Structures are given as structure tokens and as C-alpha cells.
Asks: 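Pasting in a structure now, in C-alpha cells, and then I'll have a few things to ask.
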Amino acid sequence: MGAPATRVARHVVHTNHIAAPWALETVLEAAEQALLARQLDAAVEFLETALRSTVDDTRRMAIQARLAHAEWLINPATAARHLTTLVDALRAGMLDRSDGLVLIRQLLWHGRVEDATDLLTRLRGAVQARPDEPGASELHDLELWLAGSHPTLAQRRMIVTTPQNRQDVFTTLGSDPWLRSSALLADLLARGNDTDAIVRAEDVLRDRHLGRETPWAEESVLLALLVLVYAGRCAAAGEWCDGLLADTPARGATTPSALAVAVRAEIALRQGDLVGAAGHARDALAQLPERSWGTVVGLPLSTLILATTRMGDYDEAAKILTHSVPDAMFSSRYGLHYLHARGHYHLATNHCHAALADFRSCGELMRGWGLDVAGLVPWRTSAAEAWLRLGNQDQARLLIFDQLGRPGLDGTRGSALRLLASISAPSRRLELLGEALDLFESSGDRFEQGRVLADLSRAYNALNQKRRARLLFRRALHVANMCGAKPLSQQLLAVSGDVGETVVPTGKSSGLDALTNSERRVASLAVMGYTNREIAAKLFITASTVEQHLTRVYRKLDVKRRKDLPTDLWAELTRTG
């Protein structure tokens with residue numbers, strides 16, 4: 001008497017059979033404790049023992065649904081073995097409504113749209129017959145979640161709400177608060193309500209360890225992270241991801257960990273860290289077998305495709321695009337990411353019509369689904385870029401001005417301004433590119449900063465402002481190399497003579513080890529083309545101090561002027577600063 005449930009349950013499990021009713025309850029209690037502690041192997045073992053020892057069909061189905069959740073956290077492909085039995089149980093009225101809602105999510109994950117649609121029809125019919133039943137609020141939440149995640153299945157007339165009455169639909173006794181969080185996050189994502197969405201997302205992430213372990217908690221955390229990413233809060237999302245990843249591996253939940261790594265990859269991509277984005281995406285796909293990802297595979301695959309494309313590794317991107325993906329993915333939000341990434345691969349490999357088709361498909365789907373928000377997929381600026389490559393400035397201009405007339409993130413507006421500059425008069429080009437650069441610096445997207453810097457260098461060179469062009473050229477090349485964007489680096493090197501800049505790749509230059517940290521910082525900024533006054537402002541020192549540092553640098557490196565400083569110093573700024 002008084003022994004912990006897990007200890008008693010282990011003794012019961014060794015007998016492989018539960019004879020007394022109290023023993024069943026003890027084993028189920030132990031399973032819940034193991035789930036909460038993320039001791040998933042133990043939870044599976046307890047639930048399997050309980051399932052074998054239960055004769056009541058309704059009770060068996062509840063236990064099997066819980067077992068499916070425990071296995072889902074380890075590997076969704078393993079949990080899929082329960083789906084057909086649970087679908088039959090729901091049709092026979094032997095599965096609880098809340099478990100049925102979770103089952104619909106699992107079916108959609110695995111692309112079993114037909115079964116999910118059938119179950120949705122049954123649940124909707126039951127609610128319409130008895131609209132005052134407690135299940136009506138849960139179904140309402142599911143409809144909101146569907147509208148933001150699998151829009152083709154959402155029943156629009158059931159989810160028309162206003163900001164005021166959305167808050168009036170309270171979670172009923174016994175319902176899952178994490179389902180409510182998933183619903184509201186998906187709704188805010190679809191509406192592009194960044195302020196409310198950020199507050200809700202951070203609340204969910206702070207509260208993720210509270211309460212009973214439920215299947216919707218995992219979805220809420222995933223949505224919360226993505227809401228921050230789509231709202232342009234990549235730095236904050238990255239910190240949350242790092243915290244989750246520090247926690248989840250030790251707790252044994254592979255699926256939440258893989259999802260967090262996939263989001264981490266998307267964050268790195270949006271920050272211009274192409275090498276990091278590709279690495280995180282590969283890690284995510286390694287944690288779970290590809291078939292376990294289901295329709296969600298569009299998230300890590302699209303990041304990997306776009307990162308390798310921007311890095312110039314077109315062979316790897318093409319190989320990734322040969323991977324089989326579920327047809328149902330293209331009916332989900334994750335299909336948009338995939339289409340967008342594939343479009344940029346086509347654009348980079350000079351298949352502009354194919355690229356345009358993918359970008360326009362994104363736009364048609366997003367508008368049709370009511371998900372046309374800038375932070376999700378910037379289809380307008382991508383399609384405008386394709387039109388420009390095809391020589392149709394009129395179509396490009398329409399899309400650019402359409403985007404500029406909409407509320408959007410700094411990065412999306414920056415892309416539109418960069419493209420507008422390319423088709424504007426030279427006198428207007430510098431102003432547009434300057435604003436675009438400010439916006440990309442604000443958003444933290446280094447890859448796009450590199451593209452704008454390259455355009456600015458060309459623009460100043462066309463105006464015969466050679467010194468400024470060289471400064472911007474060096475900065476653009478530095479950023480491109482830092483991102484791992486080889487095609488952009490190659491484009492810059494190909495035209496380096498046009499701006500009076502000769503860049504010769506070198507090995508590690510002798511003498512760099514002799515530089516102090518302060519000298520390295522000054523020399524790194526000097527090699528990028530900053531003036532003494534600009535370096536002084538950036539490092540909060542005097543111009544005289546900058547000059548003294550450079551004099552010592554020249555002596556140590558045995559060079560006579562800035563132009564002779566080794567290009568290896570481009571890497572020194574990020575290493576020391």
C-alpha cells in the first residue's frame with residue numbers, strides 16, 4: 001500500500017496480465033505519469049499491457065488511442081498501425097469524441113484524407129443534430145485548426161467568427177485546452193494578426209510543460225514556433241527552439257524534437273544562414289524516417305531545397321525534388337512551402353516558366369484558402385522575379401505594387417523594393433535599394449542583404465561613383481561568402497573588374513595570427529571598404545585610433561594600402577565580433 005504507481009505497474013507488467021480492476025487503473029495511472037515525464041518506452045509498455053488485459057471494447061479503444069499517442073511521440077509511422085482500428089471504432093460509436101478529433105489530425109498527417117473527411121462528416125452531423133452538446137465547441141476549434149493547416153477540409157460556414165465572439169467560445173469541462181490553443185494560433189496565422197498571434201504563441205511556449213500530456217500540445221508548440229517565424233520574429237523563435245531542443249532529447253520524444261529542428265532550419269534559412277539551414281533540415285529528416293513525416297515533410301524538404309539552391313548545389317536540390325511526397329501535402333499549408341522552394345530551384349536553373357507556374361500556384365491556393373499573408377510564402381515577389389527573368393516588366397510591376405500595397409514583413413517589402421529598383425530609373429534606384437537594405441538589416445536576412453548590396457554596387461558603378469561601388473562590392477562579397485551563397489559570390493566575382501576591384505582567392509595569409517582582436521576588427525571593416533570615420537562609429541573609437549590600428553596592421557601583414565589587405569579578413573569580422 002502506498003507504493004508509487006509506476007513501481008506497482010512494473011510488477012503487474014511482469015505478469016503480462018491484469019486480473020484485478022485496481023491493477024488496471026494502477027497501470028493506466030503509471031502510463032500517464034510516464035507520458036508526462038516523457039518516459040515513452042515505459043508508457044508504451046504499460047499501455048500495451050492494459051490493452052491486452054481489457055475486454056470492454058469501449059475501454060479498449062480509449063486505451064488504444066492513448067497508446068497511439070505515446071507511439072506517435074516516438075515515431076508517427078509506428079503509431080499508424082492503430083489508425084484503421086480507431087477509424088472503425090469511431091464509426092461504430094466506440095471512440096470518445098476528443099479521441100476522434102485527434103484521430104482526424106493523425107489521418108491528415110499520413111495523407112488519409114478520405115477517412116478524415118468521412119469522420120468529419122459524422123462529427124459535423126452529430127453536432128448539427130444537437131448544437132447545444134458540449135462537443136460543438138471542440139468541433140469549432142477543429143474547424144479553425146483545419147482552416148489554417150488543411151484548408152480544403154474546413155467547413156467555412158462553421159468558422160465565420162469576429163474578434164469579439166471568438167473569445168466567447170470557452171473551453172468546456174473535460175475538453176482539451178491545447179486544442180483551443182492550436183485553433184486560435186491557426187486562426188491568427190490565417191488572419192495575419194501578428195500582434196495577437198505573437199502574444200498567444202509565447203504564452204503557449206511558456207506553458208508547454210503544464211498539465212496533462214495531450215496530443216494537441218505537440219501541435220500547439222509547432223504552431224506557436226511557426227507563428228513567430230511567419231511574424232518575422234526569427235530571433236525569438238530561434239531561442240525558443242534552442243530551449244525545446246535542449247529539453248526534448250533527454251525526455252525521449254523524437255517527433256517533437258524533429259519538428260523543432262525543422263523549424264530551426266526554417267529560421268536559419270530566413271536569417272540567410274544557408275549552411276545552417278541545410279544542416280538542420282538534414283538533421284530533422286534523419287531523426288524521423290521520411291515516411292514518418294507524412295504531409296508535414298514539406299517543411300524540412302522545402303527548407304533543404306531552397307537552402308541548397310541558394311548555395312548553388314543544384315544536383316542535391318534536384319535529388320531532393322525526386323523524393324516521393326504525399327499528394328495530400330499539396331492540400332495542406334506545408335505544400336505551399338514546397339511549391340515555393342521548387343519554384344526557386346526552377347528559377348535558379350533557368351526554367352523560368354516552370355518557376356512562374358509554381359509561384360502562381362502558391363498564390364492561387366493561398367487566396368483560395370484565405371491564407372494570403374506575407375509571412376507565410378512571399379509568392380508575389382517570387383512571381384515578379386520570374387516575370388522579370390522572362391522579360392515581362394509590366395506583369396512584374398503589377399505584382400510588386402500589389403505587394404507594396406499590402407501590410408507585410410520587412411523582408412517581404414524589402415524584396416519588392418529591390419525588384420522595383422531593377423526596373424526604375426537610375427536616379428530612383430539608389431533610394432529604393434537603400435530602403436530595401438535597411439529593411440533586410442532589420443529582418444536579419446543576410447542572404448537578401450547580399451543581393452541588395454550587389455545591386456547597390458552596380459548602381460553606384462553605373463553612376464561612376466567607383467569608390468562607393470567598390471565598398472559595396474566588398475560588403476556584398478563578404479555577406480555572400482558568410483552565407484555560403486556561391487552563385488551570388490560567383491556573380492560578383494564575374495563582374496569585379498567592372499567596379500575596379502580585383503579579387504584573387506588566397507590561402508590563409510601569413511601574419512593574421514599576429515593581429516590583436518582590436519586590429520582584426522578594424523582591418524576586417526577596412527577590407528570591406530568602410531572609411532576610417534565609419535569604422536570609428538561602428539567600433540565606438542576615434543578616427544585617430546583607427547588610423548593607428550591600420551598602421552600596425554599594414555606593418556604586420558607587410559602591405560602598403562587597404563586594397564592589399566588579404567581577403568581572408570572578411571571572415572575575421574564574424575569570428576571576432
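For clarity, every value in this text was computed on a predicted model and none was experimentally measured. The basis for the numbers below is simple: all heavy atoms, side chains too, and nothing from hydrogens, waters or symmetry mates.
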Asks: Taking ring pair (Phe, Tyr, Trp, His ring centres under 6.0 Å) as the test, write out the residues that go with Phe440, two or more places apart.
Replies: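 By the ring pair (Phe, Tyr, Trp, His ring centres under 6.0 Å) rule, Phe440 matches no residue at all.
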Asks: Can you sort out the partners of Asp203 under side chain to side chain contact (heavy atoms under 4.5 Å, CB included), two or more places apart, ordered by chain and number?
Replies: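 Testing Asp203 for side chain to side chain contact (heavy atoms under 4.5 Å, CB included), a comparison that skips the adjacent residues, returns Val199, Arg206.
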Asks: Begin with the C-alpha distance, continue with both residues' side-chain angles, and end with the deciding distance and a verdict on side chain to side chain contact (heavy atoms under 4.5 Å, CB included) for Leu28 and Phe46.
Replies: CA-CA 7 Å; Leu28 291 175; Phe46 293 148; over 6 Å; no
Asks: Please identify each residue that fulfils side chain to side chain contact (heavy atoms under 4.5 Å, CB included) with Ala186, with sequence neighbours left out.
Replies: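 Applying side chain to side chain contact (heavy atoms under 4.5 Å, CB included) to Ala186 gives Trp145, Leu223.
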Asks: Any side-chain to backbone donor/acceptor pair from Gln271 onto Gly444? Under 3.5 Å, distance only.
Replies: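 Side chain of Gln271 to backbone of Gly444: no pair is present.
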Asks: May I ask you to test the Leu225-Cys241 pair for a side-chain heavy-atom distance under 4.5 Å?
Replies: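 Side chain of Leu225 against side chain of Cys241, heavy atoms only: contact under 4.5 Å found.
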Asks: Search all heavy atoms of Val227 against all heavy atoms of Ile198 and return the closest pair with its distance.
Replies: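 That would be CG1-N, 4.3 Å.
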Asks: Side chains of Leu259 and Trp293: does their closest heavy-atom pair fall under 4.5 Å?
Replies: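 When only atoms from C-beta onward are counted, Trp293 and Leu259 do touch, with a gap below 4.5 Å.
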Asks: Measure the shortest side-chain to side-chain distance between Val87 and Leu95 over non-hydrogen atoms and say whether it is less than 4.5 angstrom.
Replies: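 Of all side-chain heavy-atom pairs linking Leu95 with Val87, none is under 4.5 Å.
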Asks: Is the closest side-chain heavy-atom distance between Asp88 and Met94 below 4.5 Å?
Replies: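 With C-beta onward as the side chain, the pair stays apart.
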Asks: Would you give the length of the straight line joining atom CE of Met61 to atom CG of Asp99, rounded to the nearest 0.5 angstrom?
Replies: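 So the gap between those two atoms works out to 11.0 Å.
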Asks: Output all residues satisfying side chain to side chain donor-acceptor pair (under 3.5 Å) with Trp379, sequence neighbours left out; order by chain, then residue number.
Replies: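 Residues passing side chain to side chain donor-acceptor pair (under 3.5 Å) with Trp379: Asp372.
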Asks: Looking at side-chain heavy atoms only, is the closest gap between Ser443 and Leu409 below 4.5 Å?
Replies: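 Ser443 does not reach Leu409 side chain to side chain.
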Asks: Could you pull out the closest heavy-atom pair between Gly111 and Ala328, with the gap in Å?
Replies: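 Heavy-atom minimum between the residues: CA-CB, 3.7 Å.
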Asks: Please list, chain by chain and in numerical order, all residues satisfying side chain to side chain contact (heavy atoms under 4.5 Å, CB included) with Ala77, sequence neighbours excluded.
Replies: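 Testing Ala77 for side chain to side chain contact (heavy atoms under 4.5 Å, CB included), a comparison that skips the adjacent residues, returns Asn75, Arg291, Ser292.
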Asks: With side chain to side chain contact (heavy atoms under 4.5 Å, CB included) as the test, would you mind laying out the steps for Val377 and Leu339 before giving the verdict?
Replies: CA-CA 10 Å; Val377 170; Leu339 284 170; over 6 Å; no
Asks: Quick one: does Arg380's side chain get under 4.5 Å of Ser415's, heavy atoms only?
Replies: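 No - every pair of side-chain heavy atoms lies 4.5 Å or more apart.
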Asks: Any donor-acceptor pair under 3.5 Å linking the side chain of Thr349 with the backbone of His346?
Replies: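 Between the backbone of His346 and the side chain of Thr349 there is a qualifying donor-acceptor contact (under 3.5 Å).
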Asks: For Tyr338, enumerate each residue passing the ring pair (Phe, Tyr, Trp, His ring centres under 6.0 Å) test, keeping only those at least two apart in sequence or located in another chain.
Replies: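 If we apply the ring pair (Phe, Tyr, Trp, His ring centres under 6.0 Å) test to Tyr338, skipping adjacent residues, the hits are Phe330.
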Asks: Would you please name every residue forming a side chain to side chain contact (heavy atoms under 4.5 Å, CB included) with Arg122, sequence neighbours left out?
Replies: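 If we apply the side chain to side chain contact (heavy atoms under 4.5 Å, CB included) test to Arg122, skipping adjacent residues, the hits are Arg91, Asp118, Leu119.
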Asks: Does Asp196 offer a backbone N or O that forms a donor-acceptor pair with the side chain of Arg200 under 3.5 Å?
Replies: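 Pair absent, no side-chain N/O of Arg200 close to backbone of Asp196.
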Asks: Hey, could you give me the OG1/CG distance between Thr85 and Leu90, rounded to the nearest 0.5 Å?
Replies: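 These two atoms lie 13.0 Å from each other.
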Asks: At what distance, to the nearest 0.5 angstrom, does CG of Leu336 lie from CG of Leu365?
Replies: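 Leu336 CG to Leu365 CG: 6.0 Å, rounded to 0.5 Å.
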Asks: Are the side chains of Trp216 and Val102 in touch, meaning some heavy atoms are under 4.5 Å apart?
Replies: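 In short, these two side chains touch, coming nearer than 4.5 Å.
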Asks: Calculate, to the nearest 0.5 Å, the distance between atoms CD1 and CG belonging to Ile305 and Asp313 respectively.
Replies: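 These two atoms lie 12.5 Å from each other.
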Asks: Does any N or O in the side chain of Ser361 come within less than 3.5 Å of the main-chain N or O of Ala357, such that one atom is a donor and the other an acceptor?
Replies: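 Side chain of Ser361 to backbone of Ala357: a pair is present.
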Asks: What is the minimum heavy-atom distance between Ala318 and Tyr345, and which atoms define it?
Replies: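 For Ala318 and Tyr345, the tightest heavy-atom pair comes out as CB-OH, 3.3 Å.
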Asks: Sub-3.5 Å donor-acceptor pair from the side chain of Ser220 to the main-chain atoms of Trp178, do we have one?
Replies: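 Checked: pair present.
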Asks: Can you measure from CG (Leu36) to OG1 (Thr214) and round to the nearest 0.5 angstrom?
Replies: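 Answer rounded to 0.5 Å: 11.0 Å.
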Asks: Could you go step by step and tell me if Thr254 and Leu40 meet the side chain to side chain contact (heavy atoms under 4.5 Å, CB included) rule?
Replies: CA-CA 10 Å; Thr254 306; Leu40 300 179; over 6 Å; no
Asks: Do the non-hydrogen side-chain atoms of Leu226 and Arg333 ever get within less than 4.5 Å of each other?
Replies: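 Yes; the side chains approach each other to less than 4.5 Å.
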Asks: Taking only residues two or more places apart in sequence or in another chain, which ones pass ring pair (Phe, Tyr, Trp, His ring centres under 6.0 Å) with His280?
Replies: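 His280 satisfies ring pair (Phe, Tyr, Trp, His ring centres under 6.0 Å) with no other residue.
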Asks: Please find the pair of heavy atoms, one from Leu205 and one from Ala224, that lie closest to each other, and give the distance.
Replies: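 Looks like CG-CB, 3.8 Å.
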Asks: Taking side chain to side chain donor-acceptor pair (under 3.5 Å) as the cut-off, I'd like each qualifying pair that reaches into residues 299-312, sequence neighbours left out, listed once.
Replies: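 Every pair satisfying side chain to side chain donor-acceptor pair (under 3.5 Å) with a residue in residues 299-312: Glu266-Thr303.
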Asks: Quick test of your reading: applying side chain to side chain donor-acceptor pair (under 3.5 Å), list the pairs with at least one residue in residues 223-242, sequence neighbours left out, ordered by first then second residue.
Replies: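 Applying side chain to side chain donor-acceptor pair (under 3.5 Å) to every pair that reaches into residues 223-242, excluding sequence neighbours, yields Tyr230-His337, Asp242-Arg264.
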Asks: What distance separates Leu269 CG from Leu274 CG, expressed to the nearest 0.5 Å?
Replies: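 So the CG of Leu269 and the CG of Leu274 are separated by 6.5 Å.
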Asks: Val221 and Val204: which non-hydrogen atoms are nearest, and at how many Å?
Replies: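 For Val221 versus Val204, the nearest heavy atoms are N-CG1, 4.2 Å.
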Asks: Residues in salt bridge (charged side-chain N to carboxylate O under 4.0 Å, His left out) with Arg112, at least two apart?
Replies: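 Testing Arg112 for salt bridge (charged side-chain N to carboxylate O under 4.0 Å, His left out), a comparison that skips the adjacent residues, returns Asp115.
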Asks: Kindly state each residue pair satisfying ring-ring contact (aromatic ring centres under 6.0 Å, His included) with at least one member in residues 67-89, sequence neighbours excluded.
Replies: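 Sorted result for residues 67-89: Trp72-Trp109, Trp72-His110.
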Asks: So Thr117 and Glu114, side chain to side chain contact (heavy atoms under 4.5 Å, CB included) or not? Walk me through it.
Replies: CA-CA 5 Å; Thr117 302; Glu114 223 174 282; 5.9 Å; no
Asks: Over all heavy atoms of both residues, which pair between Thr78 and Glu71 is shortest? Give the atoms and the distance, please.
Replies: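 Minimum heavy-atom separation between Thr78 and Glu71: O-OE1, 3.7 Å.
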Asks: Would you check, one step at a time, whether the test side chain to side chain donor-acceptor pair (under 3.5 Å) holds for Glu218 with Thr255?
Replies: CA-CA 9 Å; Glu218 167 207 333; Thr255 301; 5.8 Å; no
Asks: Taking Thr54 for the side chain and Leu51 for the main chain, is one N or O donor matched with an acceptor at less than 3.5 Å?
Replies: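 Such a contact is absent between Thr54 side chain and Leu51 backbone.
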